[in-house]
*Asks:* 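This is the structure, below, for whatever I ask next.
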Amino acid sequence: MSRFYVTTPIYYVNDVPHLGTSYTTVAADALRRVHVLRGDDTRMLTGTDEHGLKIEREAQARGVSPAAFVKDMSDRFEATWPKLEVRADDFIRTTQPRHEERVQELWRTIEKKGDLYLGSYEDWYCVGCEEFKTEKDLVQPGNLCPLHQKPVERLKEETYFFRLEKYQQALLDHYEKHPEFIQPEARRNEVVSFVKAGLRDLSVSRTSFTWGIPVPGNPKHVMYVWFDALTNYWSAVQSPDELRRYWSSDGVVHLVGKDIVRFHAVYWPAFLMSAGLPLPKTVYAHGFLTFGGQKMSKSLRNAVDPIGIARAFGGVCGGDDAGADVLRYHLLRAIAFGQDGDFDLAGMVERYNADLGKNLGNLLARTHGLCVKMTEGKVPDAPFDETVRAPIEAERLAALEHWKALAPHRALEATWAIAALANQYVDRAAPWAEDKKGNHERVRVILGTLLSILETLSRLIWPVLPKKSDEMRAQLGLAPLAPVANHDQLAPLPAPLTAGRPLAPASPLFPTIDADGAKALVEKLTPRVEPTPTPTSTPTPTSTSTSTSTPTSTSTSITYDQFSAVDLRVGIVKTCERVPRKDKLLRLTVDLGEAEPRQIVAGLALSFQPDDLVGRRVVVVANLAPRDFGKGLVSHGMLLATGPSETLTLATVPDVEAGAKLK
RNA sequence: GCCGGAGUAGCUCAGACGGUUAGAGCGGGCGUUUCAUACGCGCUAGGUCGGGGGUUCGAUUCCCUCCUCCGGCACCA
């Protein structure tokens, strides 16, 4: 028996469960089910990440305590997953004592090892990211965080550092020795080159807020969110017995989104190495979803409700549970795990009709009907037809291999190949014709064989479509599957069937959705999202709560004198061209009413074609110190603009002559 | 710009250590059976395997180069 411990990321409670998090969680659950059905010692963990400055402020903005706020949000996650037929073995919250104690234990262990030291850190800090940004990360003008498009704050604080640099070589060695540690390969390459480029020690504590786990022996500090959060995978494994069973490096699989690979594949293993603990076997990064071809913006994420989708499909095929099955199937079948993919509603209906309804559902229905007519609605007493064994076994084994390789889409493809083989078999064997000829023994063989294949299919689909598996088995006169330790229930054909056992009355597993129904369904589920204005002007709960000045920051007000020292002038762009080898940069010459136009280099190239800018009026910071971009390319000033670098809007003042001063 | 990944039938993708007519699923078209949820089965897609060059008896598969897309890094006074 092998062991298998699969985790999802713990989800940050600032967000709600959406299609993306559902995808990860459903995938984890499907993997869990495969292993548990094979009799493996299996465990799945999900949970919520609840600390950090952002949460502290969010709670404050809503006038509730952080604890109450996170409880409420965490409950929403915990309540969502069962509705998608996810049966995690454990749900961890980073505010639970069991977690806090173990994180502190890990901290002490690493400290004892000498890998933590006290230093100080001053830099720009983005509340949204919970992260210091170096100057070069910021979007100008305005010192904006590139992700959140909000001004960062200047923070200086005492902080503990983790000696990450020390583990650079050990990490590289580990990647080398264990190619399966980071998957897919493209992500692995990225991480390797990131680490090769050099690691710096990592700041792992904060003094600027209190909503976090206190550092042992120095309660002025709370732990940096990633030290806290990553440790959940280990802290959830509580007893010595569980630790021995699940934290054993050969069975631990972390499923993560591709955006957080680095934390899981660099920081986390370094912490574990320092603490002398086993490393996980695999960090698997899946891709991102688009929805109907659209990028999942925050508003779209909120508007697309996975439970709503499940419910809508449940409406046509037998309840919310069944709808969850359909959603699970589509997520895992339509999107190549590890690659970005598109979630398309019309495609989902198509797949539902084709794969689920026609290939599988109809196979069950026709077999069932034949049995009612020809074997008195009972499982016939007849041997398995050996002629079909080999191709089906090949697909069954392929499916198992693909599950093992973390490729659910391929596993399902192979599973459905079995249904296709069975459909071919009925057609060729034509039991209805044999029946007419009076070959009743042959009919019994054919139908017994089909029932056996269907029984096997009911097992193979269980990890993804648990409710439909139950329903299918009920129609076959079988009990729902229940995992048994050390007992492989995805075993070879023929499936064990009791001759003479009656089948239950049947109704279509997946009633066909006709064109009108499909249209209505798609219409109903397509979210009405306001056409996204410029991202900076979409106020979210977070941005409203954090955009104002804050007591902990050392920023933002300046004196009038300081302001008047800034020489803002209107300029007219005379020439504009791309800067070779710099994707974001444009080189412009701007008329400021001076003798000669000025040369200004600006990061506008993602938003503007050079020609678009010629002749435009712009606002220029005229007395900024010149900046050298190398090779004699010097910028004498800066253009004012707003927005993310892909969709900048230039500040302008209409109908004013070049050189006019702004105040 | 650097480093990865990818560009193959309408769509989603397989595949090829170089070699008979380049594959699957879905959709489309044609045919056919009647047990079944008008379902299944069979046939069908005339695709320059992104462009160009090279190596070779022979390349879509190897090498070079260019283009496009996606990521990571850099650049953003």
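Protein chains get the first letters and strands the later ones, always in sequence-line order, with residue 1 at the start of each. If you're wondering where the values come from, they're calculated on a predicted model, not measured in any experiment.
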*Asks:* Indicate, with a heavy-atom threshold strictly under 4.0 Å, whether A:Arg428 touches base, sugar-phosphate, or nothing.
*Replies:*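 If one applies the 4.0 Å heavy-atom cut-off, A:Arg428 turns out to touch the sugar-phosphate alone, with no base involved.
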*Asks:* Distance check: side-chain N/O of A:Gln424 vs OP1/OP2 of B:rG42, anything under 4.0 Å?
*Replies:* yes
*Asks:* Does A:Asn359 put a side-chain nitrogen or oxygen below 4.0 Å from OP1 or OP2 of B:rG40?
*Replies:*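 Answer is yes, contact under 4.0 Å.
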*Asks:* Scan A:Thr512 against the nucleic acid and name what it touches under 4.0 Å (heavy atoms): base, sugar-phosphate only, or nothing.
*Replies:*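 Contact class for A:Thr512: base.
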*Asks:* So, does A:Lys196 get its side chain near the phosphate of B:rC3, meaning an N or O under 4.0 Å from OP1 or OP2?
*Replies:* no
*Asks:* Using a strict threshold of under 4.0 Å (side-chain N to carboxylate O), is an ion pair present between A:Arg444 and A:Asp381?
*Replies:* no
*Asks:* Is A:Phe510 touching bases, backbone alone, or none of the nucleic acid, heavy atoms closer than 4.0 Å?
*Replies:* base
*Asks:* Under 3.5 Å, is there a donor-acceptor pair between the A:Asp342 and A:Thr290 side chains?
*Replies:* yes
*Asks:* Quick one: label A:Pro511 by what it contacts on the DNA or RNA (base, sugar-phosphate, nothing), any heavy atom closer than 4.0 Å.
*Replies:* base
*Asks:* With heavy atoms under 4.0 Å as the rule, sort A:Arg410 into base, sugar-phosphate or nothing.
*Replies:* sugar-phosphate
*Asks:* Over all strands shown, is A:Leu509 touching base, sugar-phosphate only, or nothing at heavy-atom distances under 4.0 angstrom?
*Replies:*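 Result for A:Leu509 = base.
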*Asks:* Assign A:Gly637 to base, sugar-phosphate, or nothing according to its heavy-atom contacts below 4.0 angstrom with the strands shown.
*Replies:* sugar-phosphate
*Asks:* Search all heavy atoms of A:Arg396 against all heavy atoms of A:Ile418 and return the closest pair with its distance.
*Replies:* N-CD1, 3.8 Å
*Asks:* Between A:Phe337 (CZ) and B:rG5 (P), how many Å, whole number?
*Replies:*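 About 21 Å, once rounded to whole Å.
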*Asks:* Heavy atoms under 4.0 Å, any strand shown: does A:Gln339 hit a base, just sugar-phosphate, or nothing?
*Replies:*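 Since only primed, P, OP1 and OP2 atoms lie under 4.0 Å of A:Gln339, the category is sugar-phosphate.
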*Asks:* Mapping A:Ala419 and A:Gly361 to their closest nucleotides on RNA chain B, which lands nearer the 5' end?
*Replies:*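 Nearest-nucleotide comparison on RNA chain B picks A:Gly361.
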*Asks:* Please determine if a side-chain N or O atom of A:Arg366 lies less than 4.0 Å away from the OP1 or OP2 oxygen of B:rU34.
*Replies:*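 No, A:Arg366 has no side-chain N/O under 4.0 Å of OP1/OP2 on B:rU34.
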*Asks:* Pick base, sugar-phosphate or nothing for A:Arg262, based on heavy-atom distances below 4.0 Å to the nucleic acid.
*Replies:*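 It contacts sugar-phosphate atoms only.
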*Asks:* With rounding to the closest Å, how many angstrom separate the C1' atoms on B:rC13 and B:rG29?
*Replies:* 22 Å
*Asks:* Indicate yes or no: does A:Asp427 engage A:Arg366 in a salt bridge with an N to O separation below 4.0 Å.
*Replies:*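 Judged by the 4.0 Å cut-off on N to carboxylate O distance, A:Asp427 and A:Arg366 do form a salt bridge.
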*Asks:* Begin from the C-alpha positions of A:Phe343 and A:Tyr23 and carry the test ring pair (Phe, Tyr, Trp, His ring centres under 6.0 Å) through to its verdict.
*Replies:* CA-CA 10 Å; A:Phe343 186 99; A:Tyr23 180 51; 9.2 Å; no
